[in-house]
Protein chains: 2
Amino acid sequence: MARYGKEHKEQTRRRIVETSGRRFKVDGVNASGIATLMADAGLTNGAFYAHFASKDDLVAGVVAEQLGGQREAIAALPADSGIEQIVRAYLSVEHPDHPGDGCPSAAMLDEIGRCDGVVRRAYTDGLLGVIDVIAARLEPDDPSSARVRVLATFAGMVGTLQLARALTDRHLSDQLLEQGVAHALANFAVADE
Amino acid sequence: MARYGKEHKEQTRRRIVETSGRRFKVDGVNASGIATLMADAGLTNGAFYAHFASKDDLVAGVVAEQLGGQREAIAALPADSGIEQIVRAYLSVEHPDHPGDGCPSAAMLDEIGRCDGVVRRAYTDGLLGVIDVIAARLEPDDPSSARVRVLATFAGMVGTLQLARALTDRHLSDQLLEQGVAHALANFAVADE
DNA sequence: ATTATCTATAGATCTATAGATAATGC
DNA sequence: ATTATCTATAGATCTATAGATAATGC
């Protein structure tokens with residue numbers, strides 16, 4: 001094929017990044033091979049290297065795109081919707097069952113912590129984007145003052161969701177999510193005072 | 001070699017489980033191959049299957065052993081040492097730099113969430129052992145009343161440690177850990193009232 | 001004689017590369 | 001003519017198995 005103009009190739013790249021993001025969140029980064037990732041996008045293995053220098057390069061792109069999407073989703077919430085709504089949606093009983101549509105941090109955070117600097121920088125930048133839109137909702141007058149407290153509260157939500165996924169006792173898992181909401185709201189409230 | 005009596009084989013198995021635990025926490029479960037795990041224990045690939053039915057079987061054994069060790073370490077703390085000491089040790093600035101000696105949940109939780117039921121059951125059982133020794137310290141009279149609150153607080157600590165590892169900004173990472181201590185203590189205090 | 005471990009290997013899958021192919025823009 | 005994608009493959013590594021080996025307990 002060929003010469004669709006730049007936009008076609010860029011569109012293909014975007015498709016690879018999107019389908020890879022879903023696959024990474026469902027199966028894990030390490031467990032997802034390039035042939036599978038490309039098949040998900042309707043392509044074959046060899047075409048991968050026309051778009052990415054390496055698998056790490058893709059992972060960095062996926063991390064940036066996923067966190068950008070999460071930031072947009074939160075920013076798009078109605079202006080009057082509060083922190084409580086964000087927390088309840090995040091720690092809903094459905095979220096653990098749908099990793100492919102879910103939070104990239106909850107699905108990949110321990111793997112990201114072992115990735116090279118390029119991936120971790122993409123993660124750091126992307127996450128701060130997410131944190132800042134939450135902080136802006138919490139403290140519209142001085143968002144940066146809330147940054148670290150929002151960061152720590154978000155980290156707690158991520159750990160809670162991961163743990164809810166790992167537990168085999170569904171009832172306990174649901175209780176955990178409920179308690180997690182209470183903790184997150186209390187921690188955000190401290191940030192609010 | 002041979003016939004050292006039962007104990008020799010059991011000792012070897014324990015060694016494999018211990019060195020594998022360290023390797024899993026440093027490199028990840030999926031990224032650690034059996035040949036590497038066995039070499040870490042001073043053995044070769046083929047001997048693995050005399051001890052474990054499959055890699056998942058090893059993972060379940062490692063998860064149980066790691067959480068048992070964490071439970072013992074917490075239970076061994078002096079009786080007068082409080083929750084604050086546990087939290088400060090967990091969220092110390094050194095912990096993120098030493099995954100091999102660190103918390104198994106922080107190193108493996110998202111991978112465990114994708115493992116089969118055998119591994120997740122081993123995780124659930126082992127973690128509840130850890131949670132219960134903490135709950136017993138917090139509420140000696142009625143530990144089970146604090147279980148879910150301790151579970152949710154612990155989940156928050158796990159997420160905080162994972163995030164501290166993923167961020168490339170060391171200063172921000174240290175601020176996060178500090179804020180995480182404040183949140184964990186506040187959440188435990190709620191559990192205490 | 002027993003058996004824990006080793007050597008060797010099967011068959012699958014991994015990341016990455018090289019050169020062929022085919023579909024479009026000039 | 002250009003180039004996005006495909007086919008084919010290299011070389012490494014993965015999990016798992018089969019049979020050989022060697023070191024000890026009886």
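Labels below follow one simple rule: chain letters A, B, ... track the order of the sequence lines, proteins then strands, and each chain is numbered from 1.
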Practice task
Evaluate the criterion side-chain contact (heavy atoms from CB on, under 4.5 Å) for residue pair Thr160(A) and Leu91(A); output intermediate values, then yes/no.
Solution key: CA-CA 8 Å; Thr160(A) 301; Leu91(A) 295 176; 4.0 Å; yes
Tabulate protein N/O versus nucleotide N/O from nucleotides 11-17 of chain D, keeping only pairs under 3.5 Å, one per line.
| from | atom 1 | to | atom 2 | distance (Å) |
| --- | --- | --- | --- | --- |
| dT15(D) | OP1 | Lys55(B) | NZ | 3.0 |
| dT15(D) | OP2 | Ile34(B) | N | 2.6 |
| dA16(D) | OP2 | Tyr49(B) | OH | 3.1 |
| dA16(D) | OP2 | Lys55(B) | N | 3.1 |
| dA16(D) | O5' | Tyr49(B) | OH | 3.4 |
| dA16(D) | N6 | Asn45(B) | ND2 | 2.6 |

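Note that CD1 of Ile86(A) is 7.0 Å distant from CZ of Phe188(A), once rounded to the nearest 0.5 Å.
Remark: side-chain polar atoms of Glu111(A) are paired, donor with acceptor, to backbone N or O of Asn30(A) under 3.5 angstrom. Looking only at distances, no side-chain donor or acceptor of Asp125(A) sits under 3.5 Å from a matching main-chain atom of Leu128(A).
We find that CD of Glu10(B) is positioned 11 Å from P of dA4(C), with the value rounded to whole Å. Note: NZ (Lys9(A)) to P (dA22(C)) measures 20 Å, nearest angstrom. The nearest whole Å value for the distance from the CE atom in Met38(B) to the P atom in dC6(C) is 7 Å. Distance CG (Leu43(B)) to P (dT3(C)): 19 Å, rounded to an integer number of Å.
What you find for Val130(A) and Leu67(A) is that their closest heavy atoms are CG2-O, 3.5 Å. Across all their heavy atoms, Met38(B) and Phe48(B) have their closest contact at CE-N, 3.2 Å.
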Handout entry: Canonical and wobble pairing (Watson-Crick, G-U, under 3.5 Å) of DNA chain C, dot-bracket with |
Key = ||||||||||||||||||||||||..
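Between Glu18(A) and Arg14(A), no side-chain nitrogen of the basic residue sits less than 4.0 Å from a carboxylate oxygen of the acidic one, so the salt-bridge criterion is not met. Salt bridge status for Arg114(A) with Asp110(A): present, with a side-chain N to carboxylate O gap under 4.0 Å.
When the side-chain nitrogen and oxygen atoms of His8(A) are compared with OP1 and OP2 of dT3(D), none of them lie within a distance under 4.0 Å.
The Thr44(A) side chain lies nearest to dC6(D) when the options are dT5(C), dC6(D), dA4(D).
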